[in-house]
Amino acid sequence: MTFESSRDPSGVTILTVEGQLIVANRQELKQLVGDALDQGDRKFVLDFDKTAYIDSSGLGALVSINKKVREAGGELRLSGLNEDLSSLFELTKLDTLFVIADSATEALAGF
Amino acid sequence: MLSPLGTLTGATLRLWRLEGERYRLIAAPPGAEQPSAPRAAGADTAWLALPDHDDVFLEVVSTSDVVADEIGRRVVPVVGALFEAERTTLTLTTELAARYEEIDLLYSIGELLGRARAVEEVAAIILREVTGVVGARRAGLRLVDDTAQQLRTVAMIGVADGIVPAAVSVDDETAVIARAYRTRKIATGQQPEWVSGELLAVPIMYAAAGQPSRVVGTLSLADRAGGGSFTREETKLVSAVATQIGAALENARLVARERTQHRVEHELKLAHDLQVRLMPTPEVVRGDADIAVRTFAAESLGGDFYTFLRLGRGRVGVMLGDVSSHGFSAALIAAQVMAAAGIHSHSESTPDAMLTLLHRSLAAELESTEMYLTICYAVFDPTAGRISYSNAGHPYAFRVPRFGPASRLSPTSPPLGLAGTEFTRRVSPWHFTQDLLVAFTDGLVDQVGTNGERYGEVRLLTVVEEERLRTPEEIVDAVFHDLDEWGGEMGDDRTLLVMRM
């Protein structure tokens, strides 16, 4: 399974991305978040602790998901980015578009 | 047969058939004048019924010393057998003649099997032949659309356009043709919208080599010429035809698909050539800058792009970018960027102003396609000894000096299409004739080699730094040579640009 979904007692949906976020599975992630929004979820943590690689279409999907969550009045946070991925977000200036935490626990604490 | 047999036995042999109360001569030796009535039985004449034929008699007139009865007893089994064989041959010949049209029909379909024709053309020929032989005024041939689960009409006879629906759902309980499709059996019934009389529908079957047979469509006939229901023979013939035409129709469909694919490939090749020509050659800035650039698309069309602009007073603009996808849609965005850059370069020379204008030109397209693009645009000003650049999320642009490590021309904003419209520019000194601009796209550094690892920007920059004193063309050669040795397959568009000015 590429994505694992769980729910924090405080009502935050945590989606863990395993392996890669690439063109082949980005739609699945968008669908997961879209379904959760339909069910009323508004707080999300996307945890990349088990993620090695995100390609350009994966980055696009994250921006698209972030936009949808904001439009629905919610908030999305990213966590667990490894050194390469952190560097990628900084280099592309995408770190200015997201709230990024070191770990899922830290991201949850901020809600 | 009677003449040689008579010679052998020493007798004249004739066959007579009793028709009502009269005998009619049905076979006799040729040549001699034939009697109008049989001779009466006597010493030289015998009269015997043929076995299994009570109405056919053999007249034996002895022309030798042997008694006619004796000759008759010996030859009557032989004559009986020969007569039966001849009668069977005659029956078969008559039947063959009667079935000539049907055989011709099947032959015509056989011919269609080996020819490359359009599906519609094959279907129209089949319908014309079948209705002609069976004698039906209306007929239709439909093929199943597996995706839509519908039977689509490909040929129709005897029905005005618009009366019969172009497609019928295979689940339609009221349609006789849908029933034939579902049950894989002959179906008959009334179709009140347009049929007078009975509608006969048979499934068209096809089995590819080594595969189970499947229904590929239906053949239906209605409005029988003689009125009433289709006879058993007619139904059998239509079924036989349906069995034969599956292959013809499938052949035609495969040929059509092949032709379409060939045309698409040809058009993609043309589009690829067009895209290559849209991107300028380094010749456009010859004399001002020494540039080498190489680009490869992962598909026929790619999302990487670059352009060079002469901006006056010796200044040169260099732009390199990557649309967040590849293929046709990415190529369209890339083409739009290059066209817009060409237009805006005449009015705006600062990099941030250029990106602002590009963003305005592309915002709607990027929004609707959910695509974005990373782009770095640098203006080189040798008179001032500096460059100014704006970089929208493109990580792979570097200054490689004559000595020392490469330094990144860091992005000044997120990619185009992902964030707002505020773009800024940076200005930095540049050692003209010495410093190299090295810009590339992620397809290069993300290429996974045979060892399972990505090529990476560190390795790429190491090659460039080792070769930095060589010409841009030689440096590009060295990087792609190293990439070839790294191995693996190209998963994304790849572009490398090296410039010394």
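Keep in mind that this is a model prediction, so the values were computed, not measured. Chain A is the first sequence line, chain B the second, and so forth, proteins listed ahead of strands; every chain is numbered from 1.
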So which N and O atoms of chain A and chain B form donor-acceptor pairs under 3.5 Å?
unit_1, atom_1, unit_2, atom_2, d
A/Lys30, NZ, B/Glu370, OE1, 2.4
A/Tyr53, OH, B/Asp446, OD2, 2.7
A/Ser56, O, B/Tyr372, OH, 2.5
A/Ser64, OG, B/Glu370, OE2, 3.3
A/Lys67, NZ, B/Glu367, OE1, 3.3
A/Lys67, NZ, B/Glu367, OE2, 2.7

**OP:** May I ask you to test the B/Pro415-A/Leu59 pair for a side-chain heavy-atom distance under 4.5 Å?
**Re:** no

Subject >> Shortest non-hydrogen contact from B/Leu418 toward A/Leu97 >> reply: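 Heavy-atom minimum between the residues: O-CD1, 3.6 Å.
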
Subject >> A/Asp102, CG atom: more than 12 neighbouring heavy atoms under 6.0 Å >> reply: no

